[in-house]
Number of protein chains: 2
Amino acid sequence: MAKERVTVVEIAHAAGVSKSTVSLVLQGSPLVNETTRAKVSAVIRDLGYVYNRGAANLRQSNSKSKIIGIVVNDLTNSFFAELAVGVDMVVQSAGYVQFLSNSGENIDRQREVIASMREHGISGLIVSPARGTEAADLKPLVASGIPVVVVVRNVPGAKVSSLMSDNHAGVMAAVEHLVGIGHRRIAFLGGFADTAVFGERLEGYRDAMRKAGLEAADDLVIGSAPSRAGGVDAVTRALAIVDRPTAAVCFNDAVAFGVCDGLRAKRLEPGRDFAVVGFDDVIEAKTAVPALTTISVDPQGMGQRAAQLLLKQISAGKVDAEAIVASVRLVVRQSCGAGRLNDGKRIAS
Amino acid sequence: MAKERVTVVEIAHAAGVSKSTVSLVLQGSPLVNETTRAKVSAVIRDLGYVYNRGAANLRQSNSKSKIIGIVVNDLTNSFFAELAVGVDMVVQSAGYVQFLSNSGENIDRQREVIASMREHGISGLIVSPARGTEAADLKPLVASGIPVVVVVRNVPGAKVSSLMSDNHAGVMAAVEHLVGIGHRRIAFLGGFADTAVFGERLEGYRDAMRKAGLEAADDLVIGSAPSRAGGVDAVTRALAIVDRPTAAVCFNDAVAFGVCDGLRAKRLEPGRDFAVVGFDDVIEAKTAVPALTTISVDPQGMGQRAAQLLLKQISAGKVDAEAIVASVRLVVRQSCGAGRLNDGKRIAS
DNA sequence: GGTTTTAATTGGAACGATCCAAATTTGTCA
DNA sequence: TGACAAATTTGGATCGTTCCAATTAAAACC
């Protein structure tokens with residue numbers, strides 16, 4: 001059943017030329033005569049030849065493998081799925097393929113998959129690091145000259161490029177908007193307190209509150225798992241506070257959806273009885289009811305940018321780490337109630 | 001910056017043995033003496049050697065590459081993202097890595113990525129085919145003895161293994177349940193009419209309606225994009241029918257969520273004023289409000305099964321196509337209203 | 001026509017691992 | 001201790017491609 005591979009030598013023999021010529025044809029060299037090129041190409045098609053990249057980049061000096069690796073911490077989160085799609089798009093059209101793995105927030109597994117990718121000779125890596133990733137985990141990569149781009153979360157101390165969204169500014173804009181439409185008791189809900197991203201967003205919240213002359217009481221920030229279930233949990237606790245908040249900016253969209261769920265379970269209508277703002281602008285944010293007001297980071301675009309950055313470094317051959325913070329904008333929809341209260345930026349569901 | 005690779009020969013030299021011995025150590029052969037093994041291992045660690053799988057499976061007879069490919073038609077759909085996660089789990093723990101690509105429902109791109117994967121010598125492929133995929137697209141793979149497992153959607157005529165959920169039985173169970181709690185006008189919403197999956201589910205709907213002695217009027221089946229937005233669209237049209245349906249089984253969960261959105265926009269509460277049943281049981285189905293009654297297919301489990309099936313075929317060396325239909329079960333939650341009407345199978349939000 | 005230029009083609013050595021048969025060391029036993 | 005077996009170790013040869021220097025064929029020039 002399992003036929004053996006057709007090789008260049010067999011092509012060469014069948015076409016009556018040397019393997020070198022076949023190789024030349026394969027890489028589209030201008031050195032070869034048009035008629036022989038046509039002849040060889042025909043044979044290649046007829047025999048069903050498949051190129052063996054493994055053999056090729058064994059010979060090609062420093063393993064330019066046309067493979068880039070991408071590992072994300074949670075592929076079931078649609079933010080990361082879309083990020084991966086964005087990466088795939090540009091990577092694919094540049095003639096690369098992507099090794100994608102899901103670390104599932106497990107640092108040992110992340111180490112394994114990165115090691116495995118290295119063995120396969122990836123020529124670059126995009127990673128959204130699992131919690132607790134240290135600079136040492138990426139060290140060997142950069143030491144062997146493989147470009148690395150970390151996205152979403154930073155890895156302090158690692159000399160690699162990073163692409164992060166402007167968490168601080170985003171949350172500030174959200175809080176300012178809520179203040180602008182009259183809210184005073186604004187909570188910050190969801191997220192694990194020990195992550196850098198949480199820290200940045202929380203700082204944005206605190207700064208904006210301070211700037212507005214409002215109190216950011218500690219009981220108004222309630223951590224939880226950064227998931228839909230976590231959001232339900234967080235809002236339930238928030239509503240138990242004696243002096244209830246009237247609005248919340250959430251750690252991310254998943255939490256925000258959970259918050260909406262939790263509100264409904266308490267017979268409160270998000271947008272009308274309680275303002276909710278998310279972070280990420282995942283694809284469902286637009287079509288949900290009520291449509292989610294959120295801070296847009298365009299995960300797909302972010303994936304594309306990360307991929308472009310990586311490809312640039314690969315082709316440049318040198319790795320000078322640059323830290324890019326992607327700007328971010330507040331998308332006002334219905335879940336914050338603004339549509340009814342002021343400017344009519346309401347978007348049809 | 002870019003150090004050159006350390007090779008076995010250098011290890012051998014540094015450890016004072018031959019490259020053959022180093023190779024033996026690398027593959028954990030029992031032929032090598034413990035003390036030399038320790039010595040060599042130490043050197044390997046010290047020099048920061050990375051195994052070159054490309055070179056290895058060039059020599060290893062029929063390119064057993066430890067790479068499996070997986071291509072899905074829409075990674076932004078969380079069903080497929082979870083499927084990929086399931087595949088990754090078992091594939092990873094079997095020592096393989098996965099090439100993942102997103103065809104984005106584009107058949108040309110699918111062809112490209114499959115070709116590229118072949119060039120990289122994948123030893124198996126799991127594919128959730130893009131719409132319009134033909135047997136010819138998979139032909140070359142099976143001809144060269146590479147096991148292929150198609151999931152979710154069938155490719156008629158292709159001699160490959162398939163793993164599909166029992167669409168017919170699932171939808172039948174859903175309709176029967178709705179009939180059981182008193183509904184008579186039941187719609188079938190969403191999905192592209194030209195897909196096999198749609199056909200199977202629609203057939204299940206028709207059979208169940210007929211069995212219950214109900215009319216399955218043509219205006220009760222309304223196609224749309226299989227997405228949240230499509231669901232909104234479909235239910236809007238459904239509500240415009242003079243003799244309104246009181247319940248709907250939806251093409252999938254994404255559509256079902258859209259249907260809920262569309263109902264709310266018309267001031268109807270899903271579960272109370274209109275029964276909604278989905279298909280897939282994606283992760284959000286449980287936490288949504290109301291929790292979605294749906295036909296559970298456990299995408300992650302399906303990915304795992306697909307991967308196991310593929311690995312079995314890879315190790316068996318022979319490709320005898322088997323068609324598995326994964327059984328499916330109705331999960332009764334709140335969106336169908338059953339929680340209030342009868343057996344109290346209500347699940348806490 | 002002979003010589004230089006240009007265009008096309010080619011054989012062999014490499015890439016970094018594994019495999020195999022053969023060589024070496026070590027151990028066992030009469 | 002010598003013979004024989006078992007345990008280790010080891011040089012090529014090899015996988016399928018690309019690279020390089022060198023060769024051949026065709027074209028151009030005086």
Side-chain angles (χ1 to χ4, degrees), chain A residues 2-41 43-44 47-67 116 118-121 123 144, chain B residues 2-41 43-44 47-67 118-123 144:
Chain A
K3 285 185 201 172
E4 36 195 87
R5 273 182 179 281
V6 182
T7 77
V8 280
V9 206
E10 302 174 50
I11 301 288
H13 187 255
V17 295
S18 80
K19 60 186 165 49
S20 305
T21 305
V22 178
S23 175
L24 257 12
V25 172
L26 249 23
Q27 40 204 149
S29 160
L31 298 189
V32 24
N33 184 298
E34 271 315 314
T35 61
T36 52
R37 178 196 306 284
K39 186 174 55 184
V40 171
S41 303
V43 176
I44 286 177
L47 298 193
Y49 169 77
V50 308
Y51 187 72
N52 186 337
R53 256 174 223 283
N57 48 270
L58 174 56
R59 183 62 176 89
Q60 256 149 354
S61 45
N62 39 344
S63 70
K64 315 179 149 304
S65 68
K66 292 294 193 181
I67 302 177
S116 171
R118 257 191 107 192
E119 295 186 354
H120 282 284
S123 42
S144 53
Chain B
K3 285 184 199 168
E4 36 195 88
R5 269 182 181 283
V6 182
T7 77
V8 281
V9 204
E10 301 173 52
I11 301 290
H13 187 254
V17 295
S18 80
K19 61 186 165 50
S20 305
T21 305
V22 177
S23 175
L24 257 11
V25 171
L26 248 26
Q27 39 202 153
S29 161
L31 298 188
V32 17
N33 186 297
E34 272 315 314
T35 61
T36 51
R37 178 196 304 284
K39 187 174 55 184
V40 172
S41 302
V43 176
I44 286 177
L47 297 194
Y49 168 78
V50 308
Y51 186 74
N52 185 337
R53 257 174 223 284
N57 49 270
L58 176 55
R59 184 60 175 87
Q60 257 149 353
S61 44
N62 39 343
S63 70
K64 314 181 148 305
S65 68
K66 292 294 192 181
I67 302 176
R118 257 190 108 191
E119 293 186 354
H120 282 285
I122 54 169
S123 41
S144 54

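Values below: every heavy atom of this structure, side chains too, minus hydrogens, waters and symmetry copies. Not measured: the values here are computed from a predicted model. Each chain gets a letter, A, B and so on, in the order the sequences are listed, and its residues count up from 1.
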Under-4.0 Å side-chain N/O to phosphate OP1/OP2 contact, A:Ser18 with C:dT10: yes

Reported CG-to-OG1 distance for the pair A:Asn52 and A:Thr7, which is rounded to 0.5 angstrom: 10.0 Å

Protein-nucleotide distance (A:Ile44, atom CD1; D:dT17, atom P), rounded to Å: 10 Å

Touch class at under 4.0 angstrom, heavy-atom based, for B:Val17 against every strand present: sugar-phosphate

Spacing of B:Lys19 atom NZ relative to C:dC15 atom P, expressed in whole Å: 13 Å

Intermediate values then yes/no, side chain to side chain contact (heavy atoms under 4.5 Å, CB included), B:Val8 and B:Tyr49: CA-CA 8 Å; B:Val8 281; B:Tyr49 168 78; 3.8 Å; yes

Nearest-Å distance for atom pair CG/C1', residues A:Leu24 and D:dT17: 12 Å

Below 4.0 Å: OP1/OP2 of D:dT10 and any side-chain N or O of B:Thr21: yes

Rounded distance (Å) that lies between atom P of C:dG16 and atom CD of A:Glu119: 16 Å

Phosphate-side-chain proximity, B:Gln27 and C:dA17, N/O vs OP1/OP2 below 4.0 Å: no

Side chain to side chain contact (heavy atoms under 4.5 Å, CB included) evaluation trace for B:Ser144 with B:Arg118: CA-CA 10 Å; B:Ser144 54; B:Arg118 257 190 108 191; 3.2 Å; yes

d(CG, A:Asn52; P, D:dT14) in whole Å: 18 Å

Axis bend over the full length of the helix from C:dG1-D:dC30 to C:dA30-D:dT1, computed from five pairs that close each end, to 10 degrees: 50°

CD1-NE2 distance between A:Ile67 and A:His120, expressed to the nearest 0.5 angstrom: 7.5 Å

Test log, rule side chain to side chain contact (heavy atoms under 4.5 Å, CB included), inputs A:Val40 and A:Arg37: CA-CA 5 Å; A:Val40 171; A:Arg37 178 196 306 284; 6.0 Å; no

Value in whole Å for how far the C1' atom of C:dT18 lies from CZ of B:Arg53: 14 Å

Minimum-distance nucleotide to B:Leu58 side chain [options: C:dT9, D:dC15, C:dA17]: D:dC15

Flag, side chain of A:Ser23 to backbone of A:Lys19, donor-acceptor distance under 3.5 Å: no

Distance (rounded to the nearest 0.5 Å) between B:Thr21 OG1 and B:Ile11 CD1: 13.0 Å

Of B:Arg37 and A:Tyr49, the one whose closest DNA chain D nucleotide lies more 5': B:Arg37

Base of D:dT17 paired with side chain of A:Arg59 (donor-acceptor, under 3.5 Å): no

D:dT9 OP1/OP2 closer than 4.0 Å to side-chain N/O of B:Thr36: yes

Distance in angstrom units between B:Ile11 CD1 and C:dT18 C1', rounded: 16 Å

Presence of B:Ser23 side-chain N/O under 4.0 Å of C:dT18 phosphate oxygens OP1/OP2: yes

Proximal nucleotide (of D:dG16, C:dG11, D:dT10) relative to the A:Ala55 side chain: D:dG16

d(CG, A:Leu31; C1', D:dT24) in whole Å: 15 Å

Distance in Å, A:Ser65 OG paired with A:Leu58 CG, rounded so as to fall on 0.5 Å steps: 12.5 Å

